[in-house]
Amino acid sequence: MLAGAWPLEPGRTQLIAKYERTTADQGYDLDAGLVDIDPRRDESLSVFVERGLTSRLTLQAKAGVTRGHDRWVRYSGRGPVEAGLRWAVLRGERSSLAVYLGAGEAGAGRNAGYAAPGEGSLDLEARVLLGRSAVWKGREVYADLQAARLKRQGLADETRVDATLGVRPAKTWLVLVQTYTGQADRGPIRSRWLKSEISVVRSFGDWSVQGGWRDTVSGRETARDHGVVLALWRRL
């Protein structure tokens, strides 16, 4: 399993099938305080694919299905479809610096945590990814930091920063601590969010299974959604 900044070897493929289910009955208001909101639930099942094209170039794509409901609407259908290329600009023995350019088409569900289901259209994304691995007290660790800018049709443009810390306590086990933060440009509200996720991954040769929990720990004009994350990884 690789962090986002590292390229895949030419001819190798990685598949990640992920199920996510979140619910919310509270949200963050303009002053970042928690208030009660109408309950809502969102579910998605997606497949993420990476394919190594050259020693530096990796193709990645994502598609899936989604469903959910709140007080006002019930939805189901195709989830967002995304595709792009990741280029390893610099790569050392234990570090990698990459850039990603891609596009995405909105789906039937919530294409932004602060928006109603179905809002949004075409997204264009530029992302910089920096990864670093090391050995700490005899254990493998890695850190991955990503900064992205999204140009969105039908939704406010966004700036996002994602971070991952991985620790391998044993050869077949991996603990991941991740954060996802972002802010929408459109005023005067400018919704923002900070989500945290903790998960454990168990490897079985070329297969891996992942289970974790995600929570929105702070924000403004966004729901405090939280729930389970389950994934199945396969290296080909």
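Across G77 and A108, no two heavy atoms sit closer than the pair CA-CB, 4.1 Å. In terms of heavy-atom proximity, G118 sits nearest to N111 at C-ND2, 4.0 Å. The two residues P117 and V73 make their nearest non-hydrogen contact at CG-CG1, 3.8 Å. Closest non-hydrogen pair, L230 versus G211, comes out as CD2-CA, 4.0 Å. In terms of heavy atoms, E125 sits closest to A148 at OE2-CB, 3.9 Å. Smallest separation of non-hydrogen atoms from L59 and G84: CD1-O, 3.4 Å.
Looking at heavy atoms from C-beta onward, V229 lies out of side-chain contact with W213 at the 4.5 angstrom threshold. Using a 4.5 Å cut-off on side-chain heavy atoms (C-beta onward), D162 and R127 make contact. Contact of the R110 side chain with the R40 side chain is registered, since non-hydrogen atoms from C-beta on lie closer than 4.5 Å. Looking only at side-chain heavy atoms (C-beta outward), R214 and H226 stay at 4.5 Å or farther from each other. Side-chain contact check for P7 versus L57: every heavy-atom pair is 4.5 Å or farther apart. A heavy-atom distance below 4.5 Å is not found between the side chains of R152 and L124. Two residues are said to be in side-chain contact when any heavy atoms from C-beta on lie closer than 4.5 Å; V128 and L145 fail this criterion. The side-chain heavy atoms of R160 and L150, taken from C-beta on, include a pair separated by under 4.5 Å.
Between L15 atom CG and L236 atom CG the span is 5.0 Å, to the nearest 0.5 Å. In this structure, OH in Y114 is found 4.0 Å from CD in E158, a value given to the nearest 0.5 Å. Remark: D225 CG to E20 CD distance equals 10.5 Å, nearest 0.5 Å. Between the CH2 atom in W6 and the CG atom in L97 there is a gap of 11.0 Å [rounded to 0.5 Å]. Summarising the geometry, atom CZ belonging to R149 is positioned 4.0 Å from atom CG belonging to D185; distances are rounded to the nearest 0.5 Å. Atom OG1 in T22 sits 10.5 Å away from atom CG in D215 (nearest 0.5 Å).
Side chains of Y100 and Q146: a donor-acceptor N/O pair is absent below 3.5 angstrom, by distance only. For the 3.5 Å distance criterion, the side chains of W233 and Q14 fail to qualify, holding no donor opposite an acceptor. Using a 3.5 Å distance cut-off with no hydrogens or angles, the side chains of T13 and R51 do pair a donor with an acceptor. Looking at K18 and S46, their side chains never bring a donor and an acceptor atom within 3.5 Å of each other. Side-chain contact annotation: D42 with Y75, donor-acceptor N/O pair under 3.5 Å present.
Using modelled atom types, one side-chain atom of T58 and one backbone atom of L8 make a donor-acceptor pair closer than 3.5 Å. D29 places a side-chain N or O within 3.5 Å of a backbone atom of D31 that can act as its donor or acceptor partner. For R220 (side chain) and S191 (main-chain N/O), no donor-acceptor pair under 3.5 Å exists by modelled atom type. Using a distance-only test at 3.5 Å, with no hydrogens or angles considered, no donor-acceptor pair links the side chain of S203 to the main chain of G205.
Within a 6.0 Å sphere centred on NZ of K195, heavy atoms belonging to other residues, nucleotides or ligands number more than 12. Within a 6.0 Å sphere centred on CZ of R78, heavy atoms belonging to other residues, nucleotides or ligands number more than 12.
Hydrophobic clustering, with ILVMFWY side chains joined whenever heavy atoms are under 4.5 angstrom apart, groups V99 together with L53. Using a 4.5 Å cut-off between side-chain heavy atoms of Ile, Leu, Val, Met, Phe, Trp and Tyr, with links allowed through other members, Y142 and W136 fall into different hydrophobic clusters. Tracing side-chain contacts under 4.5 Å through hydrophobic residues (I, L, V, M, F, W, Y), one reaches L85 starting from L130; they form part of the same cluster.
E140 meets the side-chain contact (heavy atoms from CB on, under 4.5 Å) test with R168; sequence neighbours excluded.
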Can you give each donor-acceptor pair under 3.5 Å made by side-chain atoms of residues 172-183, sequence neighbours left out, with the distance rounded to 0.1 Å?
{"from": "T172", "atom 1": "OG1", "to": "R202", "atom 2": "NH1", "distance (Å)": "3.3"}
{"from": "Q178", "atom 1": "NE2", "to": "T164", "atom 2": "OG1", "distance (Å)": "3.3"}
{"from": "Q178", "atom 1": "NE2", "to": "Y180", "atom 2": "OH", "distance (Å)": "3.2"}
{"from": "T181", "atom 1": "OG1", "to": "W193", "atom 2": "O", "distance (Å)": "3.0"}

>> Let's go through Y19 and E43 carefully: what are the C-alpha distance in whole Å and the side-chain angles of both, what is the deciding distance for side chain to side chain contact (heavy atoms under 4.5 Å, CB included) to 0.1 Å, and is it a yes or a no?
In response: CA-CA 7 Å; Y19 170 76; E43 291 180 276; 2.5 Å; yes
> What do the steps show when you test E50 against R86 for salt bridge (charged side-chain N to carboxylate O under 4.0 Å, His left out), and what is the final call?
Replying inline: CA-CA 10 Å; E50 290 182 303; R86 191 172 71 244; 2.8 Å; yes
> What's the verdict on side chain to side chain contact (heavy atoms under 4.5 Å, CB included) for Y28 and T216, showing C-alpha distance, side-chain angles and the deciding distance?
Replying inline: CA-CA 10 Å; Y28 296 96; T216 306; 3.9 Å; yes
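In the hydrophobic clustering (ILVMFWY side chains linked at under 4.5 Å, chained through shared members), L232 is joined by F204, W207, V209.
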